[in-house]
Enquirer: 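I'd like to ask some things about the structure below.
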Amino acid sequence: MESVDEAPVLTPATRQRPVRPGPGLDLESRAWIDSLSADGPKRRTAIEELHSLLLKAARFEVNRRRGMIVARTRDNDGDDLAQQAADDALVAVLSKLGDFRGESRFTTWAYKFALLEAATTVRHRAWQRREVRLEPEGWALIPDEHSGPPRDCETAELFVALQDAIERDLSPHQRDVLVATTLNDVPIDVLAERLDTTRGALYKTVHDARRKLRAALDARGLGVGEHMEEPFARS
C-alpha cells in the first residue's frame with residue numbers, strides 16, 4: 001500500500017467535495033466521516049484502519065473467486081491481488097466521501113468498493129494473456145435451456161433469424177462487442193481495456209445492438225422471449 005502521506009490518497013481533490021451525510025447517520029458512520037475528513041494524525045490513523053477493513057473484504061472476495069485464477073497464480077498471488085484491490089478501493093472511497101448519505105453504515109458502503117475492486121482485479125488476472133475472441137465458435141453457443149421438442153422448430157427459426165440480424169443489422173463494432181461479451185463471456189472491463197475504450201461506451205454499444213436485434217426480429221414477426229433475451233443480457 002502507498003504511504004498515507006502520498007498522492008493519490010491525500011490529494012487536494014479528495015477534499016474538494018464537502019461531505020454532507022444524511023440527518024439519520026449512525027454514530028459509528030459519523031465517526032468515520034469525521035476522522036477521514038480531519039487533518040493530520042487523526043486522518044492518517046483513520047485511513048490505515050479503513051485500509052485494513054477494505055483488505056479484509058478484498059481477501060474474502062479474492063478467495064471466493066479463486067477458482068477463476070487458480071491455474072494462473074502462485075501461492076502469494078491471491079494476497080497480492082487483495083492488496084491491490086484494497087489500495088484501489090481506498091482511493092475510490094476517499095474520493096467519493098461526498099457521495100455518502102448514510103443510507104447504510106459507512107463500513108457497509110465502503111466494503112462494496114473493495115468487493116467491486118477485488119472482482120475486477122480477479123477478472124483481469126483470469127484473462128491475462130488470454131485471447132479475447134470477437135467471433136463465435138458457432139451459434140450453438142447461444143443457450144436455449146427452456147426449449148423442448150414442441151418448440152424446436154420455433155427455436156431453430158429464431159436462431160436463424162437472430163444470426164441473420166447480427167450479420168446484417170449490426171455494425172462490425174456492435175457485432176464484435178456483442179459477441180465478445182455475450183457469447184464468449186469476455187468481462188466488459190477486460191474488453192474495454194483491450195479495445196482502449198470505456199465500460200460506459202461498451203454498455204451503450206451492447207444496448208444499441210440489442211435494440212437493433214429486437215427491432216429486426218419484430219419486423220419478421222419473431223418476438224424474443226425470456227429464453228432468448230437472457231444470453232444477450234449478460235455484460
Side-chain angles (χ1 to χ4, degrees), residues 1-65 78-125 177 181 187-208 233-235:
M1 173 190 170
E2 298 181 10
S3 167
V4 294
D5 292 317
E6 297 177 356
V9 173
L10 295 179
T11 57
T14 302
R15 304 184 191 185
Q16 286 176 356
R17 300 181 61 191
V19 181
R20 298 190 180 94
L25 193 65
D26 63 277
L27 294 178
E28 180 185 359
S29 297
R30 185 172 295 280
W32 273 109
I33 294 297
D34 290 345
S35 297
L36 292 169
S37 303
D39 294 312
K42 184 177 182 180
R43 185 169 191 258
R44 287 196 294 270
T45 298
I47 289 176
E48 291 172 356
E49 292 176 355
L50 176 58
H51 184 267
S52 295
L53 291 174
L54 297 175
L55 180 57
K56 181 179 179 181
R59 281 172 172 160
F60 169 82
E61 187 66 11
V62 169
N63 286 333
R64 191 176 75 85
R65 295 173 176 266
D79 196 61
D80 289 343
L81 294 177
Q83 288 281 352
Q84 177 185 334
D87 291 350
D88 293 342
L90 177 62
V91 174
V93 169
L94 293 177
S95 68
K96 295 181 181 295
L97 283 180
D99 294 339
F100 181 65
R101 296 291 181 267
E103 296 174 355
S104 63
R105 289 184 178 275
F106 175 79
T107 50
T108 301
W109 179 76
Y111 281 168
K112 294 178 181 179
F113 287 86
L115 298 178
L116 176 62
E117 293 293 345
T120 299
T121 300
V122 170
R123 285 199 300 269
H124 275 274
R125 177 58 63 89
V177 171
T181 57
I188 201 159
D189 48 348
V190 172
L191 186 61
E193 182 180 85
R194 300 289 179 91
L195 296 182
D196 193 24
T197 186
T198 65
R199 289 167 54 96
L202 293 184
Y203 277 127
K204 184 179 187 306
T205 298
V206 172
H207 173 77
D208 291 345
R234 298 194 309 267
S235 55

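Counting from 1, the numbers follow the sequence of the chain as shown.
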Enquirer: What closest approach, in Å, do Leu97 and Ser37 show between heavy atoms, and which atom pair accounts for it?
Expert: CD1-OG, 4.5 Å

Enquirer: For a quick test of reading the model, state the closest non-hydrogen atom pair linking Thr198 to Ala192 and the distance between them.
Expert: C-CB, 3.9 Å

Enquirer: Nearest 0.5 Å please: distance from the CZ atom of Arg64 over to the CG atom of Leu115.
Expert: 8.0 Å

Enquirer: Report yes if the side chains of Leu94 and Leu90 come closer than 4.5 Å at any heavy-atom pair, otherwise no.
Expert: yes

Enquirer: What distance do Phe100 atom CZ and Arg30 atom CZ have between them, rounded to the nearest 0.5 Å?
Expert: 9.5 Å

Enquirer: Is the side chain of Thr108 donor-acceptor paired with the backbone N or O of Ser104 at a distance under 3.5 Å, no angle test?
Expert: no

Enquirer: In terms of ring plane angle, is the pair Trp109 and Phe113 parallel, tilted or perpendicular, where the classes change at 30° and 60°?
Expert: perpendicular

Enquirer: Looking at CD of Glu48 and CG of Leu53, how far apart are the two atoms once the value is rounded to the nearest 0.5 Å?
Expert: 12.5 Å

Enquirer: Do Leu36 and Phe106 have side-chain heavy atoms sitting under 4.5 Å apart?
Expert: yes

Enquirer: Atom CD of Glu117 and atom CG of Asp88: how far apart are they, to the nearest 0.5 Å?
Expert: 5.0 Å

Enquirer: Are side-chain heavy atoms of Val177 and Leu195 found at a separation under 4.5 Å?
Expert: yes

Enquirer: Any donor-acceptor pair under 3.5 Å linking the side-chain atoms of Asp208 with those of Thr205?
Expert: no

Enquirer: Please report the shortest heavy-atom distance between Ser35 and Lys42, naming the atom on each side.
Expert: OG-CE, 3.5 Å

Enquirer: Run the side chain to side chain contact (heavy atoms under 4.5 Å, CB included) test on Leu191 and Thr181 for me, step by step, so that the C-alpha distance in whole Å, both residues' side-chain angles and the decisive distance to 0.1 Å come before the verdict.
Expert: CA-CA 8 Å; Leu191 186 61; Thr181 57; 3.6 Å; yes

Enquirer: Is Lys56 close to His51 at the side-chain level, that is, under 4.5 Å between some pair of heavy atoms?
Expert: no

Enquirer: Roughly how far, to the nearest 0.5 Å, is the CD atom of Glu49 from the CG atom of Leu54?
Expert: 12.0 Å

Enquirer: Can you name the closest pair of heavy atoms from Val62 and Ala118 and give their distance?
Expert: CG2-CB, 4.1 Å

Enquirer: Which atom names give the shortest non-hydrogen contact between Thr107 and Trp32, and what distance separates them?
Expert: CG2-NE1, 3.6 Å

Enquirer: May I ask you to decide if Glu193's main-chain N or O and Thr197's side chain share a donor-acceptor pair within less than 3.5 Å?
Expert: no

Enquirer: Strictly distance-based, threshold 3.5 Å: is any side-chain N or O of Arg105 a donor or acceptor partner for the main-chain N or O of Gly102?
Expert: no

Enquirer: Which heavy atom in Ala58 sits nearest to a heavy atom in Ala82, and how many Å separate them?
Expert: CB-O, 3.5 Å

Enquirer: Atom CG of Asp79 and atom CD of Gln84: how far apart are they, to the nearest 0.5 Å?
Expert: 12.0 Å

